[in-house]
Amino acid sequence: MLNICTWNVNGIRACHRKGFLDWLKKEQPDLLCLQETKAHPQQLAAELRQPPGYHTWFASAAKKGYAGTALYSRRSPRKVFPGLGIQEFDDEGRTVVADYGHFVIIGGYFPNSQPEGRRLDYKLAYNAAVLERCQELRGQGREVLICGDFNAAHTPIDLFHPKANEKNPGYLPEERAWVTHALSTGLHDIFRERHPGEPGHYTWWSYRARSRDRNIGWRLDYFLVTPGILGHVAQVSHLSGVLGSDHCPVKLLLDL
DNA sequence: CGTAATACG
């Protein structure tokens, strides 16, 4: 069984202080895709930069304290690509791609579209680039997992206040439509497929107004998988993570 | 409200 987790840690150093390594030791994911590490590897304590039993790779933003993704892996991938090979996205450390032979995993920190849709074009270009890489790989006969913080809730049941957020970043029609488009290429939103029609399953809660206590949240973190992976999905779940973080980890168990 | 450097989510 393969345990694959994705988690927006909102600052890996802050997450470290809240018990990241205890979580890692308890959960023992085989593969862990992290988003919003907000640090360069040189800024991390050795125990965090490379915990016992793990290989680690970092894709960092040029801007200090901003964005950043990482892959923590107990297994040795065939190859790791710290980026998409597209400068405007790799400069923000948004992607880690790793080839594990029977599948390729793409861990992405999809851009926030910003108020007034200021960065919507950038976001849609990133989304398209991820999907294009996925299609390339599928064209080569590969199975693909796309995971990470999509910064988008797909449908009304994926956030507590759909009506009030129709003009807000993360729930714009264009952002929602892209998820629909991704699914139309044959990718499967495996968490939703296992909880059809069920509201209240969120992965992010605002720090404001004790939103998490009241479960006023959004489902922003996903696993999309190609059809050949579907039959191997044993379980998909939202974990609790560490106390005091705004995103929870999403866990996928694959019988591979 | 929180992270990590004064912007971003």
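Lettering follows sequence order; numbering is per chain, from 1. Every value quoted in this text rests on a predicted model; they were computed, and no experiment measured them.
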Nearest-Å distance for atom pair CG/C1', residues A:Asn8 and B:dT3:
11 Å

Atom-to-atom span, CG of A:Leu243 to C1' of B:dT3 - whole angstrom:
17 Å

Counting any heavy atom closer than 4.0 Å, what does A:Ile12 reach on the DNA or RNA strands: base, sugar-phosphate only, or nothing?
sugar-phosphate

Touch check for A:Arg212, heavy atoms < 4.0 angstrom, all strands: base, sugar-phosphate only, or nothing?
nothing

Between B:dC8 atom P and A:Asn10 atom CG, what is the distance in whole Å?
15 Å

Can you list the residues that meet the side chain to side chain donor-acceptor pair (under 3.5 Å) rule with A:Arg119, with sequence neighbours excluded?
A:Tyr66, A:Glu92

Sequence neighbours left out, cut at 3.5 Å: what donor-acceptor pairs do the side chains of residues 182-195 of chain A make with other protein atoms?
residue  : atom : partner  : partner atom : Å
A:Ser184 : OG   : A:His181 : O            : 2.5
A:Thr185 : OG1  : A:Ala182 : O            : 2.6
A:His188 : ND1  : A:Glu193 : OE1          : 3.3
A:His188 : ND1  : A:Glu193 : OE2          : 2.8
A:Asp189 : OD1  : A:Arg192 : N            : 3.4
A:Asp189 : OD1  : A:Arg219 : NH1          : 3.2
A:Asp189 : OD2  : A:Arg219 : NH2          : 2.8
A:Arg192 : NH1  : A:His195 : O            : 2.7
A:Arg192 : NH1  : A:Glu198 : O            : 2.9
A:Arg192 : NH2  : A:Asp158 : OD1          : 2.7
A:Arg194 : NH1  : A:Ala234 : O            : 3.3
A:Arg194 : NH2  : A:Val233 : O            : 2.8
A:His195 : ND1  : A:Glu198 : OE1          : 3.3

Reading DNA chain B from 5' onward, which residue's closest nucleotide shows up sooner: A:Tyr109 or A:Ser206?
A:Ser206

Partner set under ring-ring contact (aromatic ring centres under 6.0 Å, His included) for A:Tyr222, not counting sequence neighbours:
A:Phe150

Take atom CH2 of A:Trp205 and atom P of B:dT3, then tell me their distance rounded to the nearest Å.
16 Å

Atom CD of A:Glu116 to atom P of B:dC8: distance rounded to whole Å?
15 Å

Only one of A:Trp204, A:Tyr72, A:Phe223, A:Trp23 passes ring pair (Phe, Tyr, Trp, His ring centres under 6.0 Å) with A:Trp7; say which it is.
A:Trp23

Rounded to the nearest Å, what distance is computed from the CZ atom of residue A:Arg210 to the P atom of nucleotide B:dG2?
12 Å

Shortest side-chain distance from A:Arg118, nucleotide among B:dG2, B:dA4, B:dC8:
B:dC8

Tell me, please, which residues at least two apart from A:Tyr171 pass ring-ring contact (aromatic ring centres under 6.0 Å, His included).
none

Pairwise P distance for B:dA5 and B:dC1, with rounding to whole Å:
22 Å

Within 6.0 angstrom of A:Glu47 CD, more than 12 heavy atoms from elsewhere:
yes

Identify, with sequence neighbours excluded, every residue that meets side chain to side chain donor-acceptor pair (under 3.5 Å) alongside A:Asp213.
A:Arg210

Whole-Å distance between B:dC8 C1' and A:Arg208 CZ?
11 Å

Look for any protein N or O under 3.5 Å of an N or O in nucleotides 5-7 of chain B and output each such pair with its distance, or none.
residue : atom : partner : partner atom : Å
B:dA5   : OP1  : A:Gly65 : N            : 3.2

Taking CD from A:Glu36 and C1' from B:dC1, how many angstroms apart are they, rounded to a whole number?
14 Å

